[in-house]
Every structure is written in structure tokens, then in C-alpha cells.
Amino acid sequence: MKRRSALALTLYFLGASVAASTLYNKDGLVVQADVTSQRDLNTGQRQQFNNTTISFQGIKLCGKEVALLLYPDAKSTASRAFFCPGSVQVLDPDGVLAFFNSSSADSVLAQLKVVNGALRVQRIDVSKSPDRNKLHATRFMDARLAGWTRIETAWQETVLIRHAPLQTTNLGKGRLLDIDGNVAYLAVPPGSDVVEVQPATRVKDAYGYMQLVPAVTKFVPTPLEFRAVRLADGQELARLNTQDSCLQLPNIEFDRNANAPGAKVDVRYDDVPAWRASALQLTQAGGQASLRLQPGVQLPRKANCKPA
């Protein structure tokens, strides 16, 4: 009782409140989300902190035991890591999708469901290429399709996940703008790539020993690109390379309510499909496809920029 009273007193002075909700409760698998809302005493603004708890038959899925569920072969070093759940997406009727995070291993996306009274945990690959099978932001985003979810990988690739039956489609590099029929449109913001100027070599030093001279690399700017991708299998249909490293996107809200309060936004999330339609034109004929800017479209340019 004293401990509870102390906690209540602390929350009172911090202006904090805790709201708990059950996201999923079926066959012994329970997902609960606690949202703590707290007022910052320095700025006066309210902050929210989310905490997700997943349990099966009353046992919380958080700890080294979770690693063995995610990596049952025990061959990976991640099988010895300490994993706890993060964001959760309910799959109706096939259990839930959940991110599991660790301080010593890469985050993992997995499906959890109960089959014949037993918990089944299946890791979800986000790329067929092992070196690209890594997550970036561990949050679920709107996919602009009912019954689908969107995530982004560490390689700046967009992945769509169909809830039932479960299916993942990697759309490749870029951020999702719009889905029109069986075509997904993505924007690849300008950035930079590492280019090898001189390969690594081995030379003989003054004492006759061979020494490795590291490769010489440099960063080169990459221009803004747009991609049209077939939704069914993630196959690229057409790509538009602006070939101008000074061109940039307007401030687009790629995810609903993802921008910080007061941040400048040129195109709101719900208006992005209309902007895409007014800016990009996809032409498909005779098995060929091309993507180009609509006539008269002017994209913003970086200030004081000269094309590379």
C-alpha cells in the first residue's frame, strides 16, 4: 500500500497519467499496451511513452527465452540476446505481428499465434538478401490498403505486409507515395553513395613485407528518383532518375501524424496520392513502361546548389 501511494504521489507531481488497453486476448495470447502521458516540467508540453507487454498463458515474453523462440536453431549469436516486445499489429484472425528489440542484437519482426494450444513464433524476413534483411524504424505504418501494414528496412526499402493470409512484399528502395490499382509509387529522396576511387591493393614495404593499402572511397551525391513497382510481386516497372542532384521533394508527410508538432509540411499524408497523380505519369504499352514528370511540374531545388 505504501509503495502504491508513493507512486501515485510521484505521478501527481509529474502530472502523469497511465492508460492501459488490451490489444489482443485469444487462446492465452494477450497483448497489452500502456501509454504514460507526462507533462515536462521544463517546457510544459505533454509527452507520451508507450510500453507493450505480450504474455502467453500468463508468462511475459521478455528475456533470453524469447531469443530461443525467435532463433530456435540456436546457431545465431542473437539466440543468446535479451529481447522484449515493441510495437504490435493485430492480425485478424492470425494472431499478431510484433517487433522484438534488444540492446545487443538487431530488432526482429515476428508473427505470434496459437495453434492447437501451443504458441507459434515465426520470424518474418523483410528481404530475400541476407545482408539487407535488417529493420530500420520499428513501427508499423499505414499501407494505404485495407488489411495491409507497411514497414521500412535499414536499407531504406519499403515492405508491405498483407495480414491474411500473411504475405510480405518488398517494394525496393524508396518511400511509399501512393498505390493505384496494382502499381505502387515510391520516391527515393536525394542522398549520397560511396564510390570506390581506387581499389584496395597490396604493396611491399621497405622490409619486404606485403602490406594492405585500404581502398580509396568518396561520397558522391545521388539525385532524386521515382519508382513505379508492381504490387503483386515487387517487380519494378519503371524508374525516373531526375539526374539533377539539386532537385528535392517538397516536405511530404510520408506517414500519418509522424511529423513533429509545428513542423512545416507541404503535402499532408491524405493529400499525397493526389500530389503524386499531378506530378508523375506512368505509361505502359507493349510490355514496356515509362515514368515521367507531368508537363509543367516544378520540383523544389536546394538553395545555392549546383548540379554535380
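Quick caveat, the model's predicted, so the values are computed rather than measured. For reference, positions follow the sequence shown, starting with 1.
Within the 4.5 Å cutoff, no side-chain heavy atoms of Asp94 are placed close to those of Leu166. When side chains are defined from C-beta on, Val159 does not count as touching Leu171, because their heavy atoms never get closer than 4.5 Å. You'll find the side chain of Val229 stays beyond 4.5 Å of the side chain of Tyr185, heavy atoms only. Two residues are said to be in side-chain contact when any heavy atoms from C-beta on lie closer than 4.5 Å; Gln89 and His163 meet this criterion. Taking the side chain as every heavy atom from C-beta outward, Asn101 and Phe83 never approach each other to under 4.5 Å. Counting heavy atoms from C-beta outward, Val66 and Phe82 have side chains that stay 4.5 Å or more apart. Between Pro300 and Pro250 the shortest side-chain heavy-atom distance falls below 4.5 Å. Leu112 has its side chain within reach of Phe100: a pair of non-hydrogen atoms, C-beta onward, lies under 4.5 Å apart.
Residues Val272 and Val297 share a single hydrophobic cluster, defined by chaining ILVMFWY side chains whose heavy atoms lie under 4.5 Å apart. Under the 4.5 Å side-chain heavy-atom criterion for ILVMFWY residues, a single connected hydrophobic cluster contains both Ile124 and Ile151. Residue Leu249 is grouped with residue Leu291 when hydrophobic side chains (ILVMFWY) are merged at heavy-atom distances under 4.5 angstrom, including chains of intermediate members. There is no path of hydrophobic side-chain contacts, each under 4.5 Å, that joins Val30 to Val114.
With respect to the salt-bridge test (charged N to carboxylate O, under 4.0 angstrom), the residues Asp255 and Arg175 do not qualify. With respect to the salt-bridge test (charged N to carboxylate O, under 4.0 angstrom), the residues Glu253 and Arg256 do not qualify. Salt bridge absent: Asp271 and Arg268 never bring a charged side-chain N and a carboxylate O closer than 4.0 Å. With respect to the salt-bridge test (charged N to carboxylate O, under 4.0 angstrom), the residues Arg227 and Glu236 qualify.
Clustering of Ile, Leu, Val, Met, Phe, Trp and Tyr by side-chain heavy atoms under 4.5 Å joins Val216 with Val197.
Annotation: the span from Lys64 atom NZ to Ser79 atom OG amounts to 10.5 Å, rounded to 0.5 Å. Here the straight-line distance linking atom OG of Ser127 with atom CD of Glu157 works out to 5.5 Å at 0.5 Å rounding. The CG atom of Asp27 lies 10.0 Å from the CD atom of Gln57; values are rounded to the nearest 0.5 Å. To the nearest 0.5 angstrom, Thr201 atom OG1 is 7.0 Å from Leu212 atom CG. Rounded to the nearest 0.5 Å, atoms CG (Asp178) and CG (Leu186) are 10.0 Å apart. A distance of 10.0 Å separates SG in Cys84 from CD1 in Ile54, rounded to the nearest 0.5 Å.
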**OP:** For the pair Met141 and Glu152, evaluate side chain to side chain contact (heavy atoms under 4.5 Å, CB included) and give the outcome as yes or no after the intermediate values.
**Re:** CA-CA 9 Å; Met141 295 175 282; Glu152 294 178 345; 3.4 Å; yes
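Looking only at distances, a side-chain donor or acceptor of Asp205 sits under 3.5 Å from a matching main-chain atom of Gly208. A donor-acceptor pair under 3.5 Å links the side-chain atoms of Thr242 to the main chain of Leu224, judged by distance alone. In terms of modelled atom types and a separation under 3.5 Å, the side chain of Thr153 and the main chain of Trp155 share a donor-acceptor contact. Arg162 places a side-chain N or O within 3.5 Å of a backbone atom of Pro165 that can act as its donor or acceptor partner. Between the Asp142 side chain and the Arg150 main chain, no donor and acceptor come within less than 3.5 Å of each other. For Asp266 (side chain) and Asn251 (main-chain N/O), a donor-acceptor pair under 3.5 Å exists by modelled atom type. When atom types are taken as modelled, the side chain of Trp275 and the backbone of Ile252 share no donor-acceptor pair closer than 3.5 angstrom. Of the possible donor and acceptor atoms, none in the side chain of Ser245 sits under 3.5 Å from a partner among the backbone N and O of Thr222. Here the side chain of Thr149 pairs no donor or acceptor atom with the backbone of Phe140 at under 3.5 angstrom.
Environment of CD1 in Ile59: sparse, with no more than 12 heavy atoms of neighbouring residues, nucleotides or ligands closer than 6.0 Å.
With 3.5 Å as the limit, one finds a donor-acceptor pair spanning the side chains of Gln167 and Thr169.
Partner of Ile161 under the side chain to side chain contact (heavy atoms under 4.5 Å, CB included) criterion, chosen from Leu91, Val126, Leu109: Leu109.
Residue pairs meeting the side chain to side chain donor-acceptor pair (under 3.5 Å) criterion with at least one member in residues 281-305, sequence neighbours excluded, are Asp244-Arg301. Evaluation of the side chain to side chain donor-acceptor pair (under 3.5 Å) test over residues 109-126, restricted to residues two or more places apart or in two chains, returns Asp125-Asn133.
Shown here for Gln248 and Leu299, the closest heavy-atom pair between the two residues is O-CB, 3.8 Å.
Taking the centre and axis of the six-membered ring of Phe226, the NZ or CZ atom of Arg276 falls outside the cone set by 45° and 6.0 Å.
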